[in-house]
Chemist: 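The structure's right below; bear with me while I get my questions together.
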Amino acid sequence: MTDVIVIGAGLAGLSASIRAAQAGRRVTLLTFGLGGLQLGQGTIDVLGYTTSGETGAGGSGPGPDRPVARPFDQLPGYVRAHRDHPYAHFSVDQVREAVDWLAGLTPDLLVPGDGANHVVPTALGAMRPTYLVQPSMVWPDPTSVAVVGPRQIKDFYPDLAAANLEKTAQVRTKGYHIDLPARPGEVDSSPVAYASSLDDPAFLKRFAELVAQAIGDEQAVCLPAILGLRRTDAWRQLSEILGRPVVETLLAPPSIPGMRLNEALTTQAKAAGVRVVLGSQVTGFESDGRVITAVTLRQAGRDQNFPASQIIYAPGGFESGALTMDSYGHVHETLFDLPLVGAEQKDLLTGDYWADQKLFTVGVGVDDSMRPVSADKQPVYQNLRVAGGLLPGAIRWTEKSGDAIAVTSALAAVDAVFATSAPQGGTN
Amino acid sequence: MKKLVTDVVVIGGGTTGIGVLRDCAMRGHRTILLDRADLAQGTSGRFHGLLNSGGRYVVSDPESARECASENAIVSRIQPNAVERTGGLFVVTPADDPAFGDKFLAGAALADMPVQEIDPAQALAREPRLNHGIKRAFLVEDGTVDGWQIAWSATASAKQYGGQALPYHKVTQVHHSNGQVTGVAATDLKTGEEVMIDCSFVLNCAGPWAGQITRMAGLPPVAVVPGRGIMIAMNHRLVNTVINRCIPPSDGDIIVPAHTVCIIGTTDHKVDDPDHLVVPREEVQQMFDSGEELIPGFRQARALHAWAGARPLIKDDRVAATDTRHMSRGMAVIDHSQRDDLKGLITIGGGKLTTYRLMAEHIVDAMEEQLGQSHPCRTGDEVCPGNEPGHNYLVTHRLKDREADRMTSPIICECELMNRSMLVDLLKQNPLDNFDDLRRQLRVGMGPCQGGFCSSRVAGVACEEGVIDATRSTGLLKLFLEHRWIGLWPILHDAQVRQAALDEWILHGTLDIGHVPSPTSVERDPVDDAPIDETGPTTMEELPPGARAPQPATTTRRRTRAPRSQAANTPKETK
């Protein structure tokens with residue numbers, strides 16, 4: 001017997017599962033894949049940029065796409081300017097508490113927030129704003145940086161990153177290479193192979209020696225974000241050997257920092273009693289018109305109905321296929337066919353690559369308890385709540401806001417479940 | 001200013017111009033070809049890739065079919081590596097009139113075009129995805145051809161005979177005095193240098209742009225009526241045989257398997273400006289519907305990319321249909337000595353890729369006649385360099401190559417199996433290439449991810465090899481992504497929407513590409529419709545390597561597009 005079914009194992013699904021389990025509910029987490037965290041950057045975004053020339057609350061003045069220094073200070077103004085934004089469902093305190101809750105869950109992996117955004121270097125040489133970072137990503141404000149990586153990794157090019165960081169971080173930089181495949185003989189080593197190898201102290205030592213030989217007297221060292229998977233202190237050891245701060249630089253997926261976060265949260269979920277069912281695709285559902293009574297689970301080629309009491313639906317957005325547009329240009333939510341907000345707008349897509357595409361703001365409209373609602377604002381199903389990437393009104397990759405939207409909406413959904421139903425008690 | 005002296009200048013680096021360059025050079029004329037963009041970047045690189053058996057013309061124009069049938073064999077022989085011998089089928093779908101098949105057979109007999117009617121069940125066994133309701137099927141010798149490969153290997157052949165091709169050279173004027181052409185002025189767009197070429201003959205092979213060239217000679221304009229057609233590449237080879245609908249030529253009646261994809265085409269709409277070809281969503285719908293007729297479920301297949309090409313049609317009423325002697329079918333030759341009393345200039349319009357060699361032969365014949373010369377044409381006799389005689393293209397070639405070298409060079413583009421050494425070799429050969437130039441040769445960025453993963457690697461490798469500095473490399477990366485998007489947004493649906501969102505997460509969400517500095521001069525024309533895919537000159541002029549000290553600026557995102565009138569005034573920093 002399950003009190004809460006959570007669908008989706010990204011940040012929203014994991015957060016909802018942990019929260020509900022910690023509150024004593026019996027939770028089953030159904031997921032087809034491994035969740036979206038491993039495709040992201042492995043930090044927690046709240047708001048990195050404000051867009052479209054709206055005036056920020058901090059008097060930052062109008063202008064497109066301004067970096068945000070203190071996200072919670074700017075949220076009220078940003079939400080006033082974007083009434084349809086997912087954050088409009090929440091108070092600033094709610095967002096802050098959700099983010100702090102998450103940081104508290106994984107104290108070794110996320111540096112507690114102090115209200116200010118961090119900036120993290122990326123493989124293209126941007127200094128990307130984000131709120132909670134992993135300890136290996138804290139920018140030490142150096143005046144000079146060595147950017148160094150192994151030749152055998154194909155998503156990190158020290159010369160390109162260094163030259164661009166010189167402008168974006170306003171530091172003296174230089175790119176260096178080391179020659180060390182993750183496994184002997186490889187010319188094409190994946191970040192996962194490196195991270196696993198760096199879990200091995202002997203490989204880490206060899207890696208550090210080569211870096212030390214390669215670089216000059218720079219104050220800090222930027223390395224690709226491959227510094228250990230199971231052990232999370234590889235960066236500290238490297239830093240000690242090199243005698244200066246080491247900073248992880250964000251790479252295209254698979255994301256090692258994202259995998260660390262996923263691992264930590266999945267471990268927490270299991271420790272809290274969540275039953276995690278991998279490889280299970282939810283393909284359909286049964287309903288009496290008012291509530292969803294069961295979801296259909298496809299596992300090992302067989303469909304079975306899974307009775308549902310409360311459902312938190314956190315499958316992600318267009319990137320996961322939960323939202324899609326068909327060849328006629330109609331946008332759908334693919335499991336429950338939920339009503340969408342924004343799908344009827346004109347010109348959902350335009351030919352300007354740099355413009356925000358309206359398509360990606362389309363999503364499932366909800367009330368403040370995260371229940372999907374129809375056009376007349378009535379809940380579609382009494383026991384269905386959504387969280388994370390399904391919510392409309394934000395292009396998360398542009399404004400750097402997806403993580404806090406996910407966590408806050410997940411907690412709001414769980415809290416709304418508590419408000420309407422008591423635990424069923426009994427034992428599993 | 002650079003000065004060059006030659007006999008003949010060919011304007012236009014499409015397959016027609018390149019065929020002419022090769023033919024001129026082989027007949028002993030000193031010849032220079034100019035194009036304002038890359039070779040075969042216009043119409044020759046924007047078609048569906050059909051090497052025509054003649055089947056598409058047998059009913060309407062058997063003579064044209066005869067030419068296609070014989071040129072198909074010649075091109076397959078002299079440029080085998082550019083051609084895949086897929087074979088072709090003409091099928092009568094349930095919606096079509098079976099009686100047309102009889103006209104088809106009769107026309108084929110008249111044109112000496114090989115054709116064999118087969119049982120629909122045999123056709124379905126060969127291509128199981130075809131509409132199971134097909135009523136008749138005809139097997140023909142269609143093939144598929146890579147227009148870029150044709151262009152490059154013919155250029156290489158021309159070079160062996162002293163011919164020169166100068167891409168990214170924009171013609172600015174055609175000089176003449178006393179009724180005789182004397183030279184051509186051009187600008188080297190990659191270096192900014194002016195080039196003056198003395199010559200006595202100009203062959204205007206600029207296709208849809210031919211009218212612009214005659215204007216540069218100060219002549220009354222030649223009426224060019226570009227016909228825009230759209231094509232859509234699908235992610236898989238849904239068929240391995242060219243599939244034609246056995247009906248009078250119409251929109252969306254052909255699916256061509258080419259490389260790792262298959263391409264559906266096409267439409268035909270008159271346009272005014274061949275530089276601004278849109279891919280209207282309604283025409284995309286038309287293609288999807290037509291695809292369904294041939295392959296049920298076509299709409300659920302993954303569409304990858306769309307593009308539009310301009311047919312080079314010329315309608316000139318100043319010239320009565322006089323010079324038909326030197327015309328291939330579907331081709332127009334305007335001799336300006338008759339039309340405008342200007343010797344040494346011939347303008348060519350129309351034509352089709354399959355017969356490019358034959359057209360070139362006719363054009364050079366026409367030139368030699370005006371010059372009072374007559375050298376034999378030998379372009380059909382010699383295999384072009386770089387081609388292994390008798391070995392046609394197979395879609396598995398690259399897989400075989402990578403199996404051999406995967407332990408020595410990393411794969412940079414997984415979709416198209418391009419490795420690092422292929423990229424580095426080409427970069428070092430052509431250090432001024434932009435990423436679209438590289439793409440046309442290597443197919444990098446043309447697969448399912450459309451550059452989401454591989455394009456930043458190309459920027460990184462170019463920088464690491466010291467070929468392109470970081471600032472220009474970043475600018476070229478952004479330009480490449482802009483150009484990929486032009487062909488993506490009109491066809492986005494289902495799986496490719498998901499891919500586009502993932503690419504956005506990677507490039508913007510993780511790597512924050514919008515806030516990486518790039519040259520301020522990366523700016524596009526303030527036009528509202530989609531410009532032609534991979535714009536050459538307009539944008540490259542603004543990215544000269546080392547010609548201007550680049551200033552950092554960021555490319556930021558706008559929530560909505562500025563209206564046309566304001567776009568021109570938008571400060572550069574906001575682009």
Chemist: What are the two closest heavy atoms between E464(B) and R151(A), and how far apart are they?
Modeler: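 That closest heavy-atom pairing would be OE2-NH1, 3.9 Å.
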Chemist: For the atom pair CZ (R484(B)) and OH (Y353(A)), what is the distance rounded to the nearest 0.5 Å?
Modeler: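 With rounding to 0.5 Å, CZ (R484(B)) is 12.0 Å from OH (Y353(A)).
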Chemist: State, yes or no, whether a side-chain contact exists between Y328(A) and R299(B) at a heavy-atom distance under 4.5 Å.
Modeler: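 Answer yes - side chains close enough.
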Chemist: When rounded to the nearest 0.5 angstrom, what distance separates CG in L348(A) from CG in L492(B)?
Modeler: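 Answer for the CG-CG pair, L348(A) versus L492(B), is 11.0 Å.
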Chemist: Show the nearest heavy-atom pair for residues P253(A) and F453(B), with the distance to one decimal.
Modeler: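 Between these two residues, the closest heavy atoms are O-CE2, 3.8 Å.
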Chemist: Work out which heavy atom in F318(A) is nearest to a heavy atom in V497(B); give both atom names and the distance.
Modeler: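 Answer, listing the atom of F318(A) first, then V497(B): CD2-CG1, 3.6 Å.
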Chemist: Please name the pair of heavy atoms, one in W354(A) and one in G514(B), separated by the smallest distance, quoted to 0.1 Å.
Modeler: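 What the structure gives for the nearest pair is CZ3-CA, 4.1 Å.
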Chemist: How many angstroms lie between atom CG of L251(A) and atom OG1 of T510(B), to the nearest 0.5 angstrom?
Modeler: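 Rounded to the nearest 0.5 Å, the CG-OG1 separation comes to 9.5 Å.
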Chemist: In terms of heavy-atom pairs under 4.5 Å with chain A, which of R457(B), H493(B), R281(B) leads?
Modeler: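 Greatest number of close heavy-atom pairs with chain A: R457(B).
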Chemist: Hey, does S456(B) have a side-chain heavy atom less than 4.5 Å from the side chain of D155(A)?
Modeler: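 They are not in side-chain contact.
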Chemist: Does any part of the side chain of L359(A), heavy atoms only, come nearer than 4.5 Å to the side chain of W489(B), both counted from C-beta?
Modeler: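 W489(B) vs L359(A): side chains apart.
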Chemist: Looking at H332(A), K154(A), R396(A), which one has more heavy-atom pairs under 4.5 Å with chain B than the rest?
Modeler: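 If we count pairs closer than 4.5 Å to chain B, K154(A) comes out on top.
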Chemist: For F32(A), is the CZ atom crowded, meaning more than 12 foreign heavy atoms sit under 6.0 Å from it?
Modeler: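 12 or below, so no.
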Chemist: Of the backbone (N, CA, C, O) and the side chain (C-beta and beyond), which part of H177(A) lies under 4.5 Å from a heavy atom of chain B, both, or neither?
Modeler: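 It is the side chain, since no backbone atom gets that close.
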Chemist: Where on K400(A) is there a heavy atom nearer than 4.5 Å to chain B: the side chain, the backbone, both, or neither?
Modeler: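 For K400(A), the contact with chain B is made by the side chain alone.
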Chemist: Please confirm whether the backbone N or O of V516(B) pairs with a side-chain atom of K167(A), one donor and one acceptor, at under 3.5 Å?
Modeler: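 Between the backbone of V516(B) and the side chain of K167(A) there is no qualifying donor-acceptor contact (under 3.5 Å).
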Chemist: Among I506(B), L507(B), L502(B), which residue forms the greatest number of heavy-atom pairs with chain A at distances under 4.5 Å?
Modeler: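 Among the listed options, the one with the most contacts to chain A is I506(B).
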Chemist: Rounded at 0.5 Å granularity, tell me how far OH in Y49(A) sits from NE2 in H515(B).
Modeler: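 Rounded to the nearest 0.5 Å, the OH-NE2 separation comes to 4.0 Å.
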Chemist: How close do I486(B) and G351(A) get, heavy atom to heavy atom, and via which atoms?
Modeler: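 Looks like CG1-O, 4.3 Å.
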Chemist: Check whether R128(A) reaches the backbone of G509(B) with its side chain - one donor and one acceptor, N or O, closer than 3.5 Å.
Modeler: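 Such a contact is found between R128(A) side chain and G509(B) backbone.
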Chemist: Which heavy-atom pair separates F360(A) from A500(B) by the least distance, and what is that distance?
Modeler: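 Looking at all heavy atoms of both residues, the shortest contact is CZ-CB, 4.4 Å.
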Chemist: Hey, is the main chain of S327(A) close enough, under 3.5 Å, to the side chain of Q285(B) for a donor-acceptor pair?
Modeler: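 Side chain of Q285(B) to backbone of S327(A): a pair is present.
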Chemist: Among G321(A), S320(A), G185(A), single out the residue with the greatest number of heavy-atom pairs under 4.5 Å to chain B.
Modeler: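 If we count pairs closer than 4.5 Å to chain B, S320(A) comes out on top.
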Chemist: How long is the span from the OG1 atom in T324(A) to the CG atom in D494(B), to the nearest 0.5 Å?
Modeler: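 Reported to 0.5 Å precision, the distance equals 4.5 Å.
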Chemist: Using 0.5 Å steps for rounding, measure from the CG atom of L124(A) to the CG atom of L511(B).
Modeler: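 L124(A) atom CG to L511(B) atom CG measures 4.5 Å (nearest 0.5 Å).
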Chemist: Side chains of E465(B) and Y157(A), heavy atoms from C-beta outward: is any pair under 4.5 Å?
Modeler: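 In short, these two side chains do not touch, never coming nearer than 4.5 Å.
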Chemist: Quick one: does any side-chain atom of R498(B) pair with a main-chain N or O of E319(A) as donor and acceptor, under 3.5 Å?
Modeler: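 The answer is yes, because a donor-acceptor pair under 3.5 Å joins these two groups.
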Chemist: So for atom CZ, which belongs to R398(B), do other residues, nucleotides or ligands contribute more than 12 heavy atoms lying within a distance under 6.0 Å?
Modeler: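 For R398(B), atom CZ is crowded (more than 12 foreign heavy atoms under 6.0 Å).
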Chemist: Measure distances from V461(B) to the heavy atoms of chain A and classify the residue's part below 4.5 Å as side chain, backbone, both or neither.
Modeler: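 Backbone plus side chain of V461(B), per the 4.5 Å heavy-atom cut-off to chain A.
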Chemist: Among Q41(A), Q152(A), M325(A), single out the residue with the greatest number of heavy-atom pairs under 4.5 Å to chain B.
Modeler: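 Sorted descending by pairs with chain B, the first entry is M325(A).
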Chemist: Parallel, tilted or perpendicular: which fits the ring planes of W505(B) and W397(A), with parallel below 30° and perpendicular above 60°?
Modeler: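 It falls in the perpendicular class, over 60°.
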Chemist: Tell me every residue that passes side-chain hydrogen bond (donor to acceptor under 3.5 Å, both in side chains) with N235(B), counting only those two or more places apart in sequence or in another chain.
Modeler: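 If we apply the side-chain hydrogen bond (donor to acceptor under 3.5 Å, both in side chains) test to N235(B), skipping adjacent residues, there are no hits.
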Chemist: So, D188(A) and R420(B), do they make that salt bridge, N to O below 4.0 Å?
Modeler: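 Between R420(B) and D188(A) there is no salt bridge, as every charged N stays at least 4.0 Å from the carboxylate O atoms.
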Chemist: At under 4.5 Å between heavy atoms, what parts of residues 406-416 of chain B are in contact with chain A? List them by residue number.
Modeler: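 So far as heavy atoms go, R406(B), M407(B), T408(B), S409(B), P410(B), I411(B), I412(B), E414(B) are the residues that approach chain A to under 4.5 Å.
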